[in-house]
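In listed order, ligands and their atoms are each counted from 1.
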Amino acid sequence: AKEEGRNNYQFYSSKMMNIALKKATMEKELRRAIEENELLVYYQPQIDARNRSLVGVEALVRWDHPEKGLVPPDAFIPLAEETGLIKDLDHYVMCQAMSDMVEWQQMGLAPGILSLNLSISQLMKNDFFFKLQKTLLETGFKVKWLTFEITENQVMLNPKRSIKKLTMLNQMGVKISIDDFGTGYSSLAYLKRFPVDKLKIDKSFIHDLPYNAEDCAITNAVIALAESLQLEIIAEGVEQRDQVRYLLEQGCYIIQGYHYSRPLPKKEMTEYLQR
Ligand code: C2E
Ligand code: CA
Ligand code: CA
Ligand code: CA
């Protein structure tokens with residue numbers, strides 16, 4: 001048994017070594033990716049389903065890896081969070097997206113509102129507001145067009161500090177959207193105290209609409225909550241016409257999902273705006 005225990009230990013430790021090694025390699029690669037502009041910003045339209053007009057776009061990062069090709073964010077954002085690289089990543093996306101938006105505006109196109117995913121660790125950094133102001137100045141992007149999407153779980157890690165920072169953003173004129181709403185352990189009491197402007201219904205609740213009774217109930221409850229707190233409501237992950245119809249009936253008009261468009265690279269987004 002002793003022998004076996006040792007073998008097990010060696011087995012696990014070599015497995016752990018492998019994971020650690022893989023992580024270290026990826027961290028190095030990700031650092032390079034940020035420095036060498038291997039990151040791409042894609043844009044997904046947010047549509048007012050009542051008249052099919054464009055309300056805004058959400059910026060979504062991709063990694064154009066030299067060997068692996070286009071890597072989705074779920075494969076590297078957690079590592080970026082863990083290693084602190086998320087700070088540079090989010091900053092890169094913010095600069096790129098704001099300058100693309102200004103370019104579209106100057107072309108006479110109307111991209112509307114820019115939604116950026118913001119990691120709470122970024123927001124908590126002392127130099128965050130300085131960097132935000134600097135990027136706004138450098139790109140010429142107006143703060144009234146800006147929304148930050150923050151997940152409720154991240155906010156609930158430190159509600160008091162979050163409220164303080166979000167209030168500062170709010171006073172600047174930036175809008176705050178709670179992303180993945182309904183999936184986390186948000187407390188309604190806190191929601192009332194947060195300077196929040198929008199709720200984004202998570203795509204996991206949208207997926208089986210309108211056929212799953214529980215998902216319908218949750219969606220309706222979130223819409224009712226948003227209405228009573230006078231928050232904007234937006235649905236993500238909408239793929240089917242039936243889902244659009246259901247959401248419209250329930251009073252959710254702003255919709256994001258494959259039904260209208262996949263996230264698009266800059267060039268295709270430009271063509272989309274020109275149509
Ligand atoms: P998220 O913020 O919840 O973004 C929505 C995700 O749903 C995106 O995945 C989008 O491509 C996908 N999606 C959109 N419409 C549909 C649909 O109709 N059906 C389905 N099944 N999916 C749809 P993506 O681009 O892979 O991003 C994954 C997550 O990575 C994002 O989730 C966000 O949390 C994070 N992320 C992406 N870009 C950034 C970034 O620049 N900074 C930070 N901090 N996080 C980011
Ligand atoms: Ca988001
Ligand atoms: Ca989401
Ligand atoms: Ca998410």
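Not close to ligand 1: Glu81, with no non-hydrogen atom less than 4.0 angstrom away. Heavy-atom separations between His259 and ligand 1 are all 4.0 Å or longer.
In the hydrophobic clustering of ILVMFWY residues, with side-chain heavy atoms under 4.5 Å counting as a link, Val93 and Leu60 come out apart.
The Pro263 neighbourhood of ligand 1 comprises atoms 11 (O), with distances under 4.0 Å to a heavy atom of that residue. Those atoms of ligand 1 with a heavy atom of Gly237 less than 4.0 angstrom away are 16 (C), 17 (C), 18 (O), 19 (N). Contact atoms of ligand 1 toward Asp74: 28 (C), 29 (C), 30 (O) (distance under 4.0 Å to a heavy atom of the residue). The atoms of ligand 1 that sit less than 4.0 Å from any heavy atom of Val93 are 41 (O). Of all the atoms in ligand 1, the ones that sit under 4.0 Å from a non-hydrogen atom of Ile86 are 44 (N). Shown in contact with Val238 at under 4.0 Å from a heavy atom are these atoms of ligand 1, numbered in order with element: 18 (O). In summary, the atoms of ligand 1 found under 4.0 Å from a heavy atom of Asp180, numbered by their order in the structure, are 3 (O). Residue-ligand proximity, Gly257 to ligand 1, at heavy-atom distances under 4.0 Å covers atoms 15 (N), 18 (O).
Contacts between Ile77 and ligand 1 below 4.0 angstrom, taking non-hydrogen atoms only, involve the side chain exclusively. With a 4.0 Å cut-off on non-hydrogen atoms, Glu58 touches ligand 1 through its side chain and not its backbone.
In this structure, Glu232 does not pair ionically with Lys175, as no charged nitrogen and carboxylate oxygen lie closer than 4.0 Å. Ion pair Arg50/Asp48 flagged as a salt bridge, since at least one NZ, NE, NH1 or NH2 atom sits closer than 4.0 Å to an Asp/Glu carboxylate oxygen. Contact check on Arg31 versus Glu35 returns no salt bridge, with no Lys/Arg side-chain nitrogen under 4.0 Å from an Asp/Glu carboxylate oxygen.
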Problem set entry | Derivation of the side-chain hydrogen bond (donor to acceptor under 3.5 Å, both in side chains) call for His65 and Glu38 | CA-CA 7 Å; His65 192 282; Glu38 286 172 25; 5.7 Å; no

Problem set entry | side-chain contact (heavy atoms from CB on, under 4.5 Å) between Leu137 and Lys134, worked out | CA-CA 5 Å; Leu137 272 173; Lys134 187 162 172 272; 5.8 Å; no

For this session: Please step through side-chain hydrogen bond (donor to acceptor under 3.5 Å, both in side chains) for the pair Glu81 and Ser119, ending with a clear verdict.
Result: CA-CA 8 Å; Glu81 295 265 8; Ser119 156; 3.2 Å; yes

For this session: Run the numbers on Lys198 and Ile113 for side-chain contact (heavy atoms from CB on, under 4.5 Å), then give the verdict.
Result: CA-CA 13 Å; Lys198 315 177 189 184; Ile113 288 158; 4.2 Å; yes

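In the displayed structure, His207 atom NE2 is contacted under 6.0 Å by at most 12 heavy atoms of other residues, nucleotides or ligands.
Ranked by closest heavy atom to atom 42 (N) of ligand 1, the top entry among Asp90, Asp179, Ile255 is Asp90. Looking at Gln44, Gln243, Gln256, Arg262, it is Gln44 that brings a heavy atom closest to atom 15 (N) of ligand 1.
Taking the N/O/S atoms of Glu58 in turn, the shortest distance to the Ca ion (ligand 2) belongs to OE2. Nearest to the Ca ion (ligand 3), among the N, O or S atoms that Asp179 has, is OD1. Note on Asp180: its N/O/S atom closest to the Ca ion (ligand 3) is OD1.
In summary, the side chains of Asn51 and Tyr253 do not present any donor paired with an acceptor at a separation below 3.5 Å, with no hydrogens or angles considered. Judged purely by distance below 3.5 Å, without hydrogens or angles, the side chains of Asn117 and Glu58 pair a donor atom with an acceptor atom. Using a 3.5 Å distance cut-off with no hydrogens or angles, the side chains of Gln256 and Lys200 do pair a donor with an acceptor.
Taking backbone and side-chain atoms together, Ser177 has no N/O/S atom less than 3.0 Å away from the Ca ion (ligand 2). Checking Glu149 against the Ca ion (ligand 3), every N/O/S atom stays at or beyond the 3.0 Å cut-off.
Exactly one of Leu123, Leu118, Leu166 qualifies for a side chain to side chain contact (heavy atoms under 4.5 Å, CB included) with Phe148. That residue is Leu118.
The shortest N/O to N/O separation between Leu89 and ligand 1 does not fall below 3.5 Å. Looking at ligand 1, you'll find an N or O of Glu239 within less than 3.5 Å of one of its N or O atoms.
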